[in-house]
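For reference, the structure discussed in these notes is given below.
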Amino acid sequence: MKFDKYGRSARLVPALFTIVFPLMIFNHFFVNKQISKVIESFNKVEIVGDITMSIVLIFFTTQFARTIGKILFERRIYKDELEMPTTQFLIYANNEYSDDYKVKFAKKVKKDFGITLSTKEEEKKDEEEMYKRKIIEAFSHIRKRINSNKFVLQHNIEYGAMRNALGGSVIGILISIFNIVFFYQHTYNLIAICLSVILFIVYLFMLIFSSSIIKNYGRNYAKIIIREYMAEQLNKEKEK
């Protein structure tokens, strides 16, 4: 089970910070012999080959964090991509880029992918979801085309890492609450309680500012992917 650069930075690290850390507090300060026996028996099962339970746990925590991040934050905030910065920046009602720049973008998309984006006049007449869906479709192709670009990849990693960290924070808060209650009522341990409270506060602040975090990193990523996609076209125009 291997992670590429995106997997390590945008999925693994957020999961370790938000889910594995509070689990480590529980494992470090409380050792249950029965749990240890169960885990040991699972490790002896040969059907999983050489994949250890810890690696499987890390893999699933990264998937949980990513899924929660996409459902609770990305889709909710961006309304299933309709409000994504990559979509908003390219509609004529938005002033982030000039109309001339948007026309050049539309021509390049038409040439590269055969997708016809709405003109300014058509945008006024079309239903909102219709002309936005065309831009969303165009960006699905653009991402595949320039996703390996170092600038795009870096900002994609940063955006993905924050989204997944927010998703992991939801789980992290639940585990931290469990730890606080457990180490207060079942096996009192002041250090474990304090560490769990600190993590709880960190995760809570992340969730409070989740919308601002997602939107900020989303804007940065959108500007980079648009810039890099248009860079080749603009360079050709300068050479003429």
Side-chain angles (χ1 to χ4, degrees), residues 3-22 58 60-91 93-97 105 128-129 131-144 146-177 198-230:
F3 286 98
D4 56 13
K5 184 177 180 180
Y6 180 89
R8 292 192 302 271
S9 302
R11 294 184 182 179
L12 181 59
V13 173
L16 290 175
F17 174 67
T18 58
I19 300 176
V20 177
F21 276 11
I58 290 174
F60 279 106
T61 54
T62 61
Q63 294 300 105
F64 282 140
R66 178 176 180 272
T67 301
I68 293 175
K70 289 185 74 68
I71 294 175
L72 289 187
F73 300 101
E74 186 175 87
R75 292 180 183 175
R76 178 178 60 82
I77 293 172
Y78 291 136
K79 298 179 181 178
D80 198 22
E81 296 191 48
L82 290 175
E83 301 299 325
M84 269 191 165
T86 45
T87 305
Q88 290 296 310
F89 288 168
L90 274 304
I91 63 176
N94 186 283
N95 296 321
E96 188 70 33
Y97 295 101
F105 177 86
E128 180 181 15
E129 186 168 331
Y131 61 77
K132 286 185 177 181
R133 286 294 176 191
K134 293 178 182 178
I135 298 175
I136 293 171
E137 183 182 350
F139 271 103
S140 68
H141 294 285
I142 292 172
R143 291 189 188 94
K144 292 180 181 179
I146 64 170
N147 204 41
S148 59
N149 177 289
K150 64 178 181 180
F151 299 110
V152 174
L153 178 60
Q154 181 59 38
H155 281 76
N156 189 24
I157 287 174
E158 292 174 3
Y159 171 78
M162 295 310 299
R163 179 199 62 203
N164 296 340
L166 290 172
S169 292
V170 176
I171 302 175
I173 280 182
L174 296 177
I175 300 174
S176 295
I177 292 174
I198 291 173
L199 289 179
F200 173 82
I201 294 174
V202 171
Y203 301 151
L204 180 61
F205 268 95
M206 290 178 65
L207 294 183
I208 291 174
F209 295 102
S210 60
S211 181
S212 297
I213 292 172
I214 285 288
K215 290 179 179 179
N216 179 63
Y217 280 90
R219 284 178 60 88
N220 293 338
Y221 174 58
K223 288 183 178 181
I224 289 296
I225 194 171
I226 293 171
R227 186 194 73 184
E228 293 304 306
Y229 175 64
M230 293 294 289

Is there a side-chain contact between [X] and [Y], using heavy atoms and a 4.5 Å cut-off?
X	Y	result
Y159	E74	yes
I146	I225	yes
I175	Y203	no
K223	E96	yes
R143	T86	yes
K5	Q154	yes
L82	T87	no
R66	R11	yes

**Q.** Ring-ring centroid check Y229 F139, cutoff 6.0 Å
**A.**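 Ring centres of F139 and Y229 not closer than 6.0 Å.
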
Q: Show your reasoning for whether side-chain contact (heavy atoms from CB on, under 4.5 Å) applies to F73 and V170.
A: CA-CA 11 Å; F73 300 101; V170 176; 4.1 Å; yes

Distance-minimising heavy-atom pair for [X] and [Y]:
X	Y	value
A161	P14	O-CG, 3.5 Å
I19	G168	CG1-O, 3.8 Å
N164	A10	ND2-O, 2.5 Å
T18	A165	CG2-O, 3.4 Å

Considering only distance and modelled atom types, tabulate donor-acceptor pairs under 3.5 Å from the side chains of residues 211-218, sequence neighbours left out.
none

Could you measure the distance from the [atom1] atom of [X] to the [atom2] atom of [Y]? Nearest 0.5 Å is fine.
X	Y	atom1	atom2	result
S176	I171	OG	CD1	11.5 Å
R76	Y78	CZ	OH	11.0 Å
F17	M206	CZ	CE	6.0 Å
Y221	I226	OH	CD1	10.5 Å
I201	L204	CD1	CG	8.0 Å
Y97	L90	OH	CG	7.5 Å

Q | side-chain contact (heavy atoms from CB on, under 4.5 Å) partners of T67, counting only residues at least two apart | A |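 Partners of T67 under the side-chain contact (heavy atoms from CB on, under 4.5 Å) test: I71.
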
Q: Mark yes when over 12 heavy atoms from residues, nucleotides or ligands other than F64 sit less than 6.0 Å from its CZ; otherwise mark no.
A: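 Atom CZ in F64 is not packed in, count stays at 12 or less.
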
Q.
Among L199, I173, L174, which residue satisfies the side chain to side chain contact (heavy atoms under 4.5 Å, CB included) criterion with P22?
A.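 Exactly one pass, corresponding to L199.
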
**Q.** Carboxylate-amine/guanidinium proximity below 4.0 Å for K132 and E81
**A.**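 Between E81 and K132 there is no salt bridge, as every charged N stays at least 4.0 Å from the carboxylate O atoms.
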
